There are 2 protein chains.
Amino acid sequence: MHDVGLAVGVSAITVSRALYSPERVSDTLRSKILEAVDRLGYVPNRSARALASARSQTVLVLIPSLTNTVFIDTLAGIEDVLRPAGYQMLIGNTHYSAGEEMQLLRAYLEHQPDGVLVTGLSQPPEFAQTLERQGIPAVYMMDLTADGRRCVGFSQEDAGEAITRHLLERGRRRIAFMGAQLDERVLKRLDGYRKALRAAGRYDAALEDLDPAPSTMQMGADALTRLLQAHPDCDAVFCCNDDLAIGALAACQRLGLAVPQRMAIAGFNDLQPAGWVTPPLTTVATPRYRIGTEAARLLLASIAGEADAVTCHDLGFTVMPRASS
Amino acid sequence: MHDVGLAVGVSAITVSRALYSPERVSDTLRSKILEAVDRLGYVPNRSARALASARSQTVLVLIPSLTNTVFIDTLAGIEDVLRPAGYQMLIGNTHYSAGEEMQLLRAYLEHQPDGVLVTGLSQPPEFAQTLERQGIPAVYMMDLTADGRRCVGFSQEDAGEAITRHLLERGRRRIAFMGAQLDERVLKRLDGYRKALRAAGRYDAALEDLDPAPSTMQMGADALTRLLQAHPDCDAVFCCNDDLAIGALAACQRLGLAVPQRMAIAGFNDLQPAGWVTPPLTTVATPRYRIGTEAARLLLASIAGEADAVTCHDLGFTVMPRASS
DNA sequence: CATTTTCATGTTAGCGCTAACATTTCAGGT
DNA sequence: ACCTGAAATGTTAGCGCTAACATGAAAATG
């Protein structure tokens with residue numbers, strides 16, 4: 001910065017201002033400075049800037065997985081808001097582990113992020129305390145809470161309930177639940193499923209197939225086969241995500257079971273393939289991209305110190321009835 | 001750091017050493033310091049550390065897309081090597097745009113990354129020059145080159161040629177090419193396709209369907225329909241990726257064309273759904289995860305200043321013949 | 001027991017930048 | 001010509017940390 005200044009005949013601080021507070025430097029001088037910056041190939045040092053200004057212009061984003069389209073879509077939304085605002089994202093992959101999440105928070109806190117975006121609400125109390133102590137605002141994504149934390153999402157439980165009710169309305173009587181990963185969101189969908197079935201007097205715990213391993217299509221196929229062996233009267237299954245559902249669909253085809261006549265299948269998320277398999281998959285469309293944009297906007301407002309009237313944004317969900325049910 | 005030192009009765013530098021050069025502090029003192037760090041909730045400031053030490057312990061990763069599983073898998077490989085080595089990733093999404101790539105490089109250079117991992121080889125000369133000038137080592141991923149740049153990947157052209165030859169060997173005579181996005185890798189696969197067909201005396205430019213828009217399954221379906229209308233004698237199609245291929249497959253089913261009897265379909269990448277659609281998709285399996293790990297390892301070696309004998313790692317590919325051909 | 005070597009810890013200075021205050025310049029009014 | 005105040009630019013100090021050298025204490029050596 002000093003060298004650029006020398007080249008133009010001004011002091012370093014004027015170069016700094018030309019770059020970051022353009023209105024404080026006269027137009028002629030500023031264009032001369034920018035030209036010199038370009039000519040000399042000067043690259044500002046963000047560490048020094050962060051150190052001197054106590055603002056990193058960086059936001060930490062913690063998501064459970066990079067291989068799950070759901071979070072990638074959310075990330076895209078976040079980026080589309082943060083980038084234009086001059087913020088950079090630090091992406092931390094928690095691998096669905098609370099321990100790793102805490103560890104990542106610690107590690108990334110060293111970057112002094114101006115804010116944090118987190119997936120889910122079930123962090124250990126230590127998590128919020130750490131952020132509190134550092135005075136870093138956070139927004140929680142994907143789900144809702146009434147405990148005062150800022151959040152953007154939809155009710156996972158209501159969504160689980162809604163899709164189960166859809167299956168009931170289509171005349172299904174023995175509706176199974178297929179769950180993998182068993183993170184908090186899946187468990188809340190399971191709660192919704194139970195609520196709907198209990199209300200209809202049709203709940204049977206034996207019809208729940210839960211596997212803590214990450215979901216794959218193979219797992220969906222295996223689980224469906226197992227389920228039908230144990231419960232031949234089962235006539236529908238709500239899979240906690242589309243991957244499992246597509247695997248289940250393939251298994252039905254392999255077993256020669258007509259979908260939806262003999263077996264109805266519902267997924268969750270409405271990923272691209274859901275509309276493409278045959279028969280097209282009934283599922284719940286979730287506003288992933290918008291969760292990203294809204295969460296990022298809410299966070300930026302918090303960083304700017306704007307006290308927001310609404311701390312909890314419910315973006316809803318949509319049951320997508322298709323041929324698989 | 002000074003406060004932690006005060007709490008234990010040592011100077012700040014000893015705290016620094018206890019954290020980052022443990023062998024230089026006696027065991028008893030170190031454990032006392034670490035205890036105080038924990039008790040006081042001290043979080044080191046990475047900016048200050050980077051500024052003082054001139055090393056950021058950060059690697060910049062530039063990939064064209066976050067929604068493409070191919071790059072996510074590569075990212076996972078990179079992370080698995082970089083994290084244990086104490087490096088953090090900065091992920092830049094170039095959206096397949098050379099302009100954005102250059103812009104991202106500029107922006108992220110402000111973090112003074114210790115190294116850069118880039119997808120592809122076709123950056124403007126300015127790109128390599130900028131890195132050169134800053135003395136930052138780079139590794140290029142996904143493809144191969146003989147121009148001396150460090151790279152880890154496989155020959156996109158050979159892979160395109162191999163899968164096309166596979167279709168020829170299965171007796172196909174009018175083999176179309178379906179391409180989207182048209183980034184350098186797709187164009188190289190196209191080159192391989194042309195090479196194979198020309199060698200067999202069966203090349204026909206009219207059978208190439210190229211669309212610069214990002215690929216979707218819908219696009220694959222549309223392109224196949226269009227292709228068959230214009231060229232009813234077409235009996236096979238090599239799609240530049242699995243998404244297009246799955247869309248094409250669905251279109252065939254919709255049109256009542258038997259796959260593979262009437263129409264053979266081949267994809268590229270061997271993503272999870274390729275083995276799950278019916279019929280299972282013939283495709284080319286690519287070593288995405290390993291490209292990530294090997295590229296990261298090569299970069300770390302370069303950062304450490306180890307002159308590597310091999311600058312170009314060819315990890316190969318595998319044609320996966322399945323029922324769709 | 002003096003001398004050397006090793007190990008553990010401390011002191012000083014500075015990384016590149018910006019906040020806060022200080023100074024200069026200049027347009028506009030008297 | 002002088003004054004005033006706003007706009008443009010400069011000076012000083014310090015953000016939190018570590019490199020490099022300095023010191024002191026303990027261990028090894030003859």
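None of the values given here were measured: they were computed from a predicted structure. Here is how names work: the chains are called A, B, and so on, in the same order as the sequence lines, proteins then strands, and each is numbered from 1.
- Remark: the backbone N or O of B/A12 is not paired with any side-chain donor or acceptor of B/S16 at under 3.5 angstrom.
- The list of side-chain hydrogen bond (donor to acceptor under 3.5 Å, both in side chains) pairs with a residue in residues 125-140 of chain B, not counting sequence neighbours, reads B/R106-B/E126.
- Looking at B/R55 and B/S53, their side chains never bring a donor and an acceptor atom within 3.5 Å of each other.
- A salt bridge is defined here as a Lys NZ or Arg NE, NH1 or NH2 lying under 4.0 Å from an Asp or Glu carboxylate O, and B/R297 with B/E294 meets this definition.
- A search for side-chain contact (heavy atoms from CB on, under 4.5 Å) contacts involving A/L300 returns A/V81, A/L82, A/A85, A/Y87, A/I303, not counting sequence neighbours.
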Q: Using a 4.0 Å cut-off on protein heavy atoms (strictly under), produce a 5'-to-3' string for nucleotides 15-26 of chain C with B for base contact, S for backbone-only sugar-phosphate contact, and - for none.
A: BBBBB-------
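- Note on the helix from C/dC1-D/dG30 to C/dT30-D/dA1: terminal axis deviation equals 40°, with five pairs used at each end and the result rounded to 10°.
- With sequence neighbours left out, the side chain to side chain donor-acceptor pair (under 3.5 Å) criterion links A/D3 to no other residue.
- Residues meeting the side chain to side chain donor-acceptor pair (under 3.5 Å) test with B/S65, sequence neighbours left out: B/T67.
- Between the side chain of B/R150 and the backbone N or O of B/L298 there is no donor-acceptor pair closer than 3.5 Å.
- Within the 4.0 Å cut-off from OP1 or OP2 of C/dG10, at least one side-chain nitrogen or oxygen of B/T14 is found.
- A straight line from CG of A/L6 to C1' of D/dG10 spans 14 Å, rounded to a whole angstrom.
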